[in-house]
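First comes the structure, then the notes that go with it.
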Amino acid sequence: MNARRYHRIKTEAEWRKALDVSHREPVAIYKHSSLCELCLMASDKLSALQSDTDPPIYEVVVQEARPLSNLIEKELKIRHESPQVIVLHKGDAVFNASHWDVTASAVRDAVARTAL
């Protein structure tokens with residue numbers, strides 16, 4: 001993935017920064033387990049998000065950041081599933097997908113809808 005657009009987050013402060021960025025441009029929050037085969041497949045699909053027009057991706061590895069995962073779930077009121085991608089725009093969740101629906105094209109479509 002494009003290193004300038006990819007960030008692993010583990011803390012509430014990093015989560016707040018991602019929320020702040022979402023007020024300037026849409027961002028994707030990717031929550032997953034590092035031990036799940038389906039999550040590995042979803043990560044491969046999201047690796048296509050490398051262009052400068054794709055949203056920044058903020059990755060939460062649940063085993064490394066369970067409290068952060070729980071905080072995101074509570075604040076966005078979106079039940080955690082793994083893998084899961086959430087697109088934020090202006091601090092609000094505008095798209096949420098899990099399992100087989102976690103794809104680069106779904107994220108791009110969600111981002112395109114924010115421009116309407």
Side-chain angles (χ1 to χ4, degrees):
M1 287 192 205
N2 183 333
R4 291 184 310 109
R5 310 283 290 168
Y6 179 84
H7 316 274
R8 183 173 285 186
I9 61 173
K10 297 180 182 181
T11 67
E12 183 175 348
E14 292 167 329
W15 163 240
R16 299 285 170 231
K17 181 178 177 187
L19 280 172
D20 184 53
V21 171
S22 81
H23 287 276
R24 295 188 301 276
E25 65 179 316
V27 303
I29 306 298
Y30 175 50
K31 295 170 65 176
H32 69 93
S33 164
S34 61
L35 304 173
C36 169
E37 190 171 320
L38 180 56
C39 292
L40 292 173
M41 288 187 269
S43 293
D44 285 345
K45 291 178 184 179
L46 290 181
S47 69
L49 296 172
Q50 295 195 28
S51 79
D52 288 338
T53 59
D54 287 326
I57 299 172
Y58 293 86
E59 176 193 40
V60 178
V61 179
V62 177
Q63 291 91 337
E64 297 174 2
R66 174 62 72 180
L68 177 59
S69 177
N70 293 343
L71 177 66
I72 292 169
E73 177 180 27
K74 180 181 175 185
E75 289 189 0
L76 297 180
K77 298 177 178 62
I78 297 174
R79 183 173 64 94
H80 170 74
E81 299 189 55
S82 193
Q84 180 176 49
V85 67
I86 302 166
V87 174
L88 300 177
H89 180 63
K90 299 186 188 226
D92 295 321
V94 296
F95 175 77
N96 171 38
S98 64
H99 300 92
W100 298 107
D101 296 327
V102 175
T103 65
S105 62
V107 170
R108 286 182 178 132
D109 290 347
V111 168
R113 286 191 300 275
T114 68
L116 300 177

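When reading the values below, keep in mind they use all heavy atoms of this one structure, side chains included, and skip hydrogens, waters and symmetry mates. Bear in mind that the values here come from a model prediction, so they are computed numbers and not experimental data.
- Between the OG1 atom of Thr114 and the CG atom of Leu88 there is a distance of 11.0 Å, given to the nearest 0.5 Å.
- Between Val27 and Tyr58 the shortest side-chain heavy-atom distance falls below 4.5 Å.
- Using a 4.5 Å heavy-atom cutoff, the side chains of Pro26 and Phe95 are not in contact.
- Remark: the backbone N or O of Val62 is not paired with any side-chain donor or acceptor of Ser69 at under 3.5 angstrom.
- Within a 6.0 Å sphere centred on CD of Glu37, other residues, nucleotides and ligands contribute 12 heavy atoms or fewer.
- Pro56 and Val21 make their closest contact through CG-CG1, 4.3 Å (heavy atoms, listed as atom of the first residue, atom of the second, distance).
- Considering only heavy atoms from C-beta on, Glu75 comes within 4.5 Å of Trp15 through its side chain.
- Looking at Arg108 and Leu49, their side chains come closer than 4.5 Å, going by heavy atoms from C-beta outward.
- Linking Ile, Leu, Val, Met, Phe, Trp and Tyr whenever their side-chain heavy atoms come within less than 4.5 Å leaves Ile57 and Ile86 in two separate clusters.
- Once rounded to the nearest 0.5 Å, the distance linking CD of Glu64 with CD1 of Ile9 reads 11.5 Å.
- Note: the hydrophobic cluster containing Leu46 does not contain Val61 (ILVMFWY, side chain heavy atoms under 4.5 Å, direct or indirect links).
- Side-chain contact, Ser51 with Asp54: a donor N or O sits under 3.5 Å from an acceptor N or O.
- Looking at Val85 and Ile29, their side chains never come closer than 4.5 Å, going by heavy atoms from C-beta outward.
- For the residue pair His32/Glu59, the side-chain donor-acceptor check at 3.5 Å is satisfied.
- Between Glu14 and Lys10 there is no salt bridge, since none of the side-chain N atoms of the basic residue sits less than 4.0 Å from a carboxylate O of the acidic one.
- Closest approach of Val102 to Ala97, counting heavy atoms only: CG2-O, 3.7 Å.
- Residues Val94 and Tyr30 share a single hydrophobic cluster, defined by chaining ILVMFWY side chains whose heavy atoms lie under 4.5 Å apart.
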Item to check | Verdict with reasoning, Leu76 to Asp92, per side chain to side chain contact (heavy atoms under 4.5 Å, CB included) | outcome: CA-CA 8 Å; Leu76 297 180; Asp92 295 321; over 6 Å; no
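- Using a 4.5 Å cut-off on side-chain heavy atoms (C-beta onward), His99 and Gln84 make no contact.
- Side-chain contact between Ile78 and Ile72: absent, with no pair of heavy atoms (C-beta onward) separated by less than 4.5 Å.
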Checklist entry - Passes salt bridge (charged side-chain N to carboxylate O under 4.0 Å, His left out), Lys31 versus Glu73? Steps please. => result CA-CA 10 Å; Lys31 295 170 65 176; Glu73 177 180 27; 5.6 Å; no
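- Nearest heavy-atom pair across Pro55 and Ala28 is CB-N, 4.2 Å.
- Remark: side-chain polar atoms of Ser22 are paired, donor with acceptor, to backbone N or O of Gly91 under 3.5 angstrom.
- Defined by atom type and a distance below 3.5 Å, a donor-acceptor pair is present between the side-chain atoms of Glu81 and Ser98.
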Item to check | side-chain hydrogen bond (donor to acceptor under 3.5 Å, both in side chains) evaluation trace for Lys45 with Thr103 | outcome: CA-CA 5 Å; Lys45 291 178 184 179; Thr103 65; over 6 Å; no
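- Between Lys90 and Glu25 there is no salt bridge, since no side-chain nitrogen of the basic residue lies less than 4.0 Å from a carboxylate oxygen of the acidic one.
- Atoms OG1 and CZ, on Thr53 and Arg5 in that order, are 8.0 Å from each other to the nearest 0.5 Å.
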